[in-house]
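First comes the structure, then the notes that go with it.
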There are 2 protein chains.
Amino acid sequence: MSIPAEDFTDANGTIADRIFDRLRHAIVVGEIAPGSKISEPVLAARYGISRGPLREAIRRLESSSLVDRKPNVGARVITLTSEQLLEIYAIREALEGMAARLAAEKMPDAGIADLRRLLDQHRNEVAQEAWQAYFQEEGDLDFHFRIVQGSGNRRLANILCNDLYHLARMYRCQFGMRSDRARDALKEHELIVDAISDRDGELAEWLMRRHIRISRRATERRLAEMQRNS
Amino acid sequence: MSIPAEDFTDANGTIADRIFDRLRHAIVVGEIAPGSKISEPVLAARYGISRGPLREAIRRLESSSLVDRKPNVGARVITLTSEQLLEIYAIREALEGMAARLAAEKMPDAGIADLRRLLDQHRNEVAQEAWQAYFQEEGDLDFHFRIVQGSGNRRLANILCNDLYHLARMYRCQFGMRSDRARDALKEHELIVDAISDRDGELAEWLMRRHIRISRRATERRLAEMQRNS
DNA sequence: CAAGACAACATTGTCGACAATATATTCTTG
DNA sequence: CAAGAATATATTGTCGACAATGTTGTCTTG
């Protein structure tokens with residue numbers, strides 16, 4: 001929810017920047033189907049802009065590895081394979097584990113307090129069962145997002161927030177991932193925040209890595225299930 | 001040396017792609033000084049191209065975080081601070097540690113044999129003391145590059161090879177990093193290859209992380225020294 | 001003389017048109 | 001009728017020109 005890339009306020013920045021955000025969002029939520037062609041003429045017409053800014057946006061989408069471009073042929077939205085998804089989980093485990101450790105060492109107390117408030121909110125939502133899976137997932141990303149920010153490593157935050165989180169979100173939209181793991185995940189989140197609050201970096205890293213590993217296994221099970229049903 | 005991005009054969013691909021490679025190389029080796037402005041008109045004139053492809057290349061340089069761009073103002077080459085450099089080392093430690101573990105599990109025997117040949121070559125160069133620091137450093141990157149490739153995680157390889165290695169190289173050129181650590185580094189490389197060859201992922205990860213940590217400490221010492229002399 | 005406003009300039013952002021390349025269709029030929 | 005070549009079409013790549021924004025230098029004025 002508070003991920004900057006999500007709230008593309010159409011007022012600021014250049015057309016290329018705005019179209020990049022819009023396209024990225026459209027791709028991530030599946031509005032533009034995976035594997036479909038990114039045609040410059042039709043998109044330029046649809047959004048009422050010229051091809052110039054559009055091309056720059058597409059080049060950036062390529063850098064974010066959301067589209068696959070071939071010279072003189074064009075760009076297509078990537079189709080996330082299960083292998084690629086597991087690759088992302090592996091990277092997140094390494095990177096976010098490190099982020100949790102750094103956050104335990106360097107995150108300001110105010111940030112930890114914010115984190116606790118966020119968890120309180122999640123706890124209410126889960127308890128009332130009034131939450132929708134969508135918001136639950138958003139909340140999960142929000143949690144991870146804040147910890148990464150708290151690590152203080154700007155480049156780490158860039159890698160995760162500009163690329164990997166969008167890909168993770170894309171997968172969730174693509175496979176209609178509904179989280180029946182909300183309660184467990186919340187508990188894991190709470191333990192992580194406790195460790196960070198105790199400034200126990202080693203434990204925070206271990207908990208975060210396990211959290212992501214569990215999440216990956218749940219995904220693997222789901223993928224195997226889908227494989228079986230198809 | 002065998003890093004794909006380095007040999008920009010001017011024959012294939014579009015102008016935008018070629019100019020991206022050329023600019024990246026020019027920035028990395030310091031041909032375009034850190035902090036200097038990336039002026040579209042002057043670069044278009046210098047390379048004899050139009051501004052269109054150039055702009056796309058600049059957008060991609062921005063995605064690689066080699067330039068810093070402000071809307072309606074322009075782009076400037078980033079200036080690597082020592083903090084940013086240490087951030088990169090931290091990320092490399094996490095990511096390449098993982099890569100070494102995966103390589104131990106999945107790298108084909110042929111790849112390991114290639115790795116050994118590479119180390120033989122390095123050993124000769126070091127023994128003859130006929131090596132120049134430049135090639136030594138290139139060889140180091142080549143070693144890391146191959147292990148990352150051997151991990152089989154394509155996205156991991158992209159993150160490291162498309163962004164972080166270029167930044168690391170940029171730093172080395174920027175600070176005129178001469179390696180008096182070649183002998184030790186070679187020994188560490190050999191241990192890592194031994195672990196991979198033994199399919200001991202845990203050890204390979206540990207050795208790789210330590211290798212990068214030692215390298216980071218050497219860099220920190222050098223930075224402190226430079227700080228003192230200035 | 002200093003500080004702020006104004007104007008001239010340069011640079012970036014955007015657009016439409018043309019050239020080069022790839023894909024799809026049609027035609028020929030065994 | 002099938003397979004391949006040649007053409008036709010559409011899309012991408014590139015370019016030069018115009019509009020919008022930032023910057024810089026100058027001029028006025030307290």
Side-chain angles (χ1 to χ4, degrees), chain A residues 5 8-27 32-79, chain B residues 4-5 8-27 31-79:
Chain A
F8 43 95
T9 61
D10 280 5
N12 62 350
T14 69
I15 292 183
D17 291 329
R18 287 203 302 270
I19 203 68
F20 170 69
D21 285 339
R22 291 188 69 169
L23 280 180
R24 179 168 65 177
H25 183 261
I27 290 173
I32 302 177
S36 64
K37 186 152 172 36
I38 300 286
S39 169
E40 295 180 7
V42 316
L43 284 184
R46 176 186 304 177
Y47 293 109
I49 59 168
S50 174
R51 277 179 52 216
L54 187 60
R55 284 177 64 83
E56 295 181 11
I58 291 175
R59 279 312 223 291
R60 286 177 60 187
L61 288 174
E62 186 194 5
S63 291
S64 302
S65 62
L66 283 173
V67 305
D68 202 13
R69 194 181 63 85
K70 290 200 189 85
N72 290 314
V73 173
R76 307 192 84 90
V77 177
I78 58 158
T79 55
Chain B
F8 42 95
T9 60
D10 280 5
N12 62 351
T14 69
I15 292 182
D17 292 329
R18 288 203 300 269
I19 203 69
F20 170 70
D21 285 339
R22 291 187 69 169
L23 280 180
R24 180 167 64 178
H25 184 261
I27 291 173
E31 202 174 303
I32 302 178
S36 65
K37 184 153 174 35
I38 300 287
S39 169
E40 296 180 6
V42 315
L43 285 184
R46 175 186 305 176
Y47 292 110
I49 59 168
S50 175
R51 277 179 52 217
L54 186 60
R55 284 177 63 83
E56 295 181 11
I58 292 175
R59 278 313 223 291
R60 287 178 59 188
L61 289 174
E62 186 194 6
S63 291
S64 303
S65 63
L66 283 172
V67 304
D68 202 13
R69 194 181 63 85
K70 290 201 187 83
N72 290 312
V73 174
R76 307 192 84 90
V77 178
I78 59 159
T79 56

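Each chain gets a letter, A, B and so on, in the order the sequences are listed, and its residues count up from 1. Values below: every heavy atom of this structure, side chains too, minus hydrogens, waters and symmetry copies.
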Among C/dT14, C/dG13, D/dT12, the one nearest any side-chain atom of A/Ile15 is C/dT14

dist B/Asn72:CG -> A/Thr14:OG1 (nearest 0.5 Å) comes out at 7.5 Å

Taking B/Arg24 for the side chain and B/Leu61 for the main chain, is one N or O donor matched with an acceptor at less than 3.5 Å? no

Would you say B/Arg55 places a side-chain N or O within less than 4.0 Å of OP1 or OP2 belonging to C/dG13? yes

Between NZ of A/Lys70 and P of C/dA20 the distance, given in whole Å, is 24 Å

To the side chain of A/Glu40, which of C/dT14, D/dG16, D/dT12 is closest? D/dT12

Just N and O in the side chain of B/Arg18: are any of them under 4.0 Å from OP1 or OP2 of D/dG13? no

Could you give the CG-to-C1' distance, from B/Asp17 to D/dT12, as a whole number of Å? 12 Å

Using side-chain contact (heavy atoms from CB on, under 4.5 Å) as the criterion, point out the one residue from A/Ile15, A/Ile38, A/Ile19 that pairs with A/Leu54. A/Ile19

Separation of D/dG13 C1' from B/Ile19 CD1 (nearest whole Å): 15 Å

Side-chain N or O of B/Arg51 less than 4.0 angstrom from OP1 or OP2 on D/dG13? no

Quick check on DNA chain C: between A/Asn72 and A/Gly48, whose nearest nucleotide comes earlier from the 5' end? A/Gly48

From the candidates C/dC15, C/dT12, D/dG13, the one with an atom nearest any side-chain atom of B/Ser39 is C/dT12

If you only use heavy atoms from C-beta on, which nucleotide in D/dG22, D/dT12, C/dA22 is closest to the side chain of A/Val73? C/dA22

Spacing between A/Leu54 atom CG and D/dT11 atom P, to the nearest angstrom: 13 Å

Rounded to whole angstrom units, what separation is found between the OH atom of B/Tyr47 and the P atom of D/dT14? 16 Å

Among D/dT14, D/dC15, D/dT11, which nucleotide has an atom closest to any side-chain atom of A/Pro41? D/dT11

For a side-chain contact (heavy atoms from CB on, under 4.5 Å) check, start with the C-alpha distance between B/Leu43 and B/Leu23, then their side-chain angles and the critical distance, and finish with the verdict. CA-CA 9 Å; B/Leu43 285 184; B/Leu23 280 180; 3.9 Å; yes

Between A/Glu56 (CD) and C/dC15 (P), how many Å, whole number? 11 Å

What does A/Gly52 touch in the nucleic acid at a heavy-atom separation under 4.0 angstrom: a base, only the sugar-phosphate, or nothing? nothing

If the cut-off is 4.0 Å, is B/Lys37 near the phosphate of C/dT12, judged by side-chain N/O to OP1 or OP2? yes

Please work out if A/Ile38 contacts a base, only the sugar-phosphate, or nothing of the nucleic acid, heavy-atom cut-off 4.0 Å. sugar-phosphate

Where the side chain of A/Pro53 is defined as all heavy atoms beyond and including C-beta, which of C/dT14, D/dG13, D/dT23 is the nearest nucleotide? C/dT14

Does A/Arg69 reach the main-chain N or O of A/Arg59 with its side chain, forming a donor-acceptor pair under 3.5 Å? no

